[in-house]
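These notes concern the structure reproduced below.
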Number of protein chains: 2
Amino acid sequence: MTSRQNRRDRSDRGIPEATVARLPVYLRALTGLQERGVATVSSEELAAAAGVNSAKLRKDLSHLGSYGTRGVGYEVEYLVYQISRELGLTQDWVVAIIGVGNLGRALAGYGGFASRGFRVAALLDADESIVGEEIGGMTVRHIDRLEDVIADHGVSIAVIATPAAAAQGLCDRVVASGVTSVLNFAPVVLQVPDGVDVRKVDLSIELQILAFHEQRKAGGPDEYGPRPGQDAGHYVETVRRDARPGNGNGMTRAAEFTESAT
Amino acid sequence: MTSRQNRRDRSDRGIPEATVARLPVYLRALTGLQERGVATVSSEELAAAAGVNSAKLRKDLSHLGSYGTRGVGYEVEYLVYQISRELGLTQDWVVAIIGVGNLGRALAGYGGFASRGFRVAALLDADESIVGEEIGGMTVRHIDRLEDVIADHGVSIAVIATPAAAAQGLCDRVVASGVTSVLNFAPVVLQVPDGVDVRKVDLSIELQILAFHEQRKAGGPDEYGPRPGQDAGHYVETVRRDARPGNGNGMTRAAEFTESAT
DNA sequence: GCGACATTGTGCACGTGTTCACAAGGGTTA
DNA sequence: TAACCCTTGTGAACACGTGCACAATGTCGC
């Protein structure tokens, strides 16, 4: 996912990527407990709230240091602080949202941004008709100003919410401006140089994964059609050709995804 | 991620979860090639387009069967069909979107839904003031009708795009109505019975992961404050207490995430 | 002060995922 | 037909992630 995932060379402080991905979940569960006035929590309870195994939770937390008390559990407030610090949430991060379509608007209004050290400093779009519009107290600026905006505000995270066709070009521009963290909502695989992290949020991929499992529950993939396991014999070869799209078996959904939403 | 992930008991047809998660990416790359009129592609080329290692690509595809030709590569159209079939995209899946805030609207208008066998059959919300509203050719219906709508349309995938507080209750209701696949945008960990798949899309988690890496690039977590590695001695103990939140070192960002966007 | 108790932190074994490197085997040309 | 080339498919080694089970250890009651 991130292009740096294979740099397990101790400058990562040795925190496994899988652990990093779960820390925000723990953090959210902990802040929930905090609001309810809970002062202390055991690994068992916290693990249940976060939907993970308790041993995994303990191992994850042990990577941050030894912050629990044997026989008692973890002090909620203290753990919130430690995880926040480890994740870098004790400082502010300046975010720019690129692409102000439906999705970009939703993101601009998203409360989760402001509440945890992420400050949206700019909204940018190429469409002249929405440049100048006010959204959530911010004025949409023209994409031509991208480099200026990044430099002026010290943007460190770019959120790309444009149509697929525009994404790579804009990504190149933000990277050229020195941004090294990109959150991509466009349905394309962004190519970036080493040292730049890209994370992808892709609705249709998630749906397709669900469809796969749903199909399995319903009794495996289409009963007709070949599924050679090991036996790629000549029988399979024959059916194979027959099963090809364009031969009358409904392969009519080949249109590329259109990211018309953004 | 999915609650069925540990069912590697051969009824999965032996396709690893990691492979399933990449198939949609390959599919997108392939349809892109198809549009450009490319008939054949090598594992090397396709892997580059999908942003993965070519050996990994070949191993992934080998799980579907032996669909390449040695010395030549893979036939694009045929592979598109096989992956589509394996993912269950050769049939239609009926989707209901629950929660019609900013995000729900963005999802309702998302082109990626319609183009690949996902049909949005209903929009539901609890807010009386938007029930009856027309969005993208669909009328928003009241959440009270949830069970009826699921049964009438044969909904098999529920997309939850509500505030965090409402998500678990609605999830319980859709599961009780027989839905076994849920895509959750609300920032909570949904608890579901075995046999139900939940996938989560969580913006703020992604941002926090980026922040972690960004912080590392900038030289590790806040230089002040303790980070006991192995040596949890008494010095650390002292500083530990001092570094606690509430003792004047800026731990003021404890507010829970507010999913005000939906 | 001390023993019983509860829960953490972790060694270890196992399963999953990734990558290298190469044998297997179609296609193509002479 | 045969030899060569190119790319697939996969064995094997390695890296990573998970979960059990228990020893280590802090707390609390007496």
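What you are looking at is a predicted structure, and each value in this text was computed from that prediction instead of being measured. Numbers restart at 1 for each chain; the letters A, B, ... are given by sequence-line order, proteins then strands.
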Between [N] atom [atom2] and [X] atom [atom1], what is the distance in whole Å?
{"X": "A/Leu64", "N": "C/dG9", "atom1": "CG", "atom2": "C1'", "result": "13 Å"}
{"X": "B/Leu79", "N": "D/dT8", "atom1": "CG", "atom2": "P", "result": "11 Å"}
{"X": "B/Leu57", "N": "C/dT19", "atom1": "CG", "atom2": "P", "result": "12 Å"}
{"X": "B/Ile15", "N": "C/dG17", "atom1": "CD1", "atom2": "C1'", "result": "15 Å"}
{"X": "B/Glu17", "N": "C/dT16", "atom1": "CD", "atom2": "P", "result": "12 Å"}
{"X": "B/Leu61", "N": "D/dT7", "atom1": "CG", "atom2": "C1'", "result": "13 Å"}
{"X": "A/Asp60", "N": "D/dG19", "atom1": "CG", "atom2": "C1'", "result": "12 Å"}
{"X": "B/Lys56", "N": "D/dT7", "atom1": "NZ", "atom2": "P", "result": "22 Å"}

The correct set of residues in residues 38-47 of chain B placing a heavy atom under 4.0 Å from DNA chain C is none
So, using side chain to side chain contact (heavy atoms under 4.5 Å, CB included) as the criterion, who are the partners of [X] when residues are at least two apart?
{"X": "A/Ala55", "answer": "A/Asn53, A/Arg58"}
{"X": "B/Ala47", "answer": "B/Val52, B/Ser54, B/Leu57"}
{"X": "B/Glu45", "answer": "B/Val41, B/Ser42"}

Going by side chain to side chain donor-acceptor pair (under 3.5 Å), name the pairs with one or both residues in residues 18-27 of chain A, residues two or more places apart or in two chains.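 Of all non-adjacent pairs touching residues 18-27 of chain A, those that pass side chain to side chain donor-acceptor pair (under 3.5 Å) are A/Thr19-A/Asp60, A/Arg22-A/Tyr26, A/Arg22-A/Asp60, A/Tyr26-A/Asp60.
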Nearest heavy-atom approach of A/Val192 to A/Cys171 is CG1-SG, 3.6 Å
**Asked** B/Arg22 or A/Gly73: which one's nearest nucleotide on DNA chain C is closer to the 5' end?
**Response**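 That would be A/Gly73.
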Evaluate side chain to side chain contact (heavy atoms under 4.5 Å, CB included) for A/Lys217 paired with A/Glu214, printing each intermediate quantity in order. CA-CA 5 Å; A/Lys217 293 178 211 163; A/Glu214 192 66 25; 3.3 Å; yes
* Is any side-chain N or O of B/Tyr67 closer than 4.0 Å to OP1 or OP2 of D/dT7? ->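 No, outside the criterion.
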Practice task
Determine whether the side chains of A/Thr69 and A/Glu75 contain a donor N or O and an acceptor N or O closer than 3.5 Å.
Solution key: no
Will you find, in the side chains of B/Arg199 and B/Ser181, an N or O donor that is under 3.5 Å from an N or O acceptor?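 No, no side-chain donor-acceptor pair sits under 3.5 Å.
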Heavy-atom contacts, protein to nucleotides 20-30 of chain D, under 4.0 Å, summarised as B (base), S (sugar-phosphate only) or - (none) per nt, yield BB--BBBS---
A/Tyr78 and A/Tyr67 aromatic centres sub-6.0 Å: yes
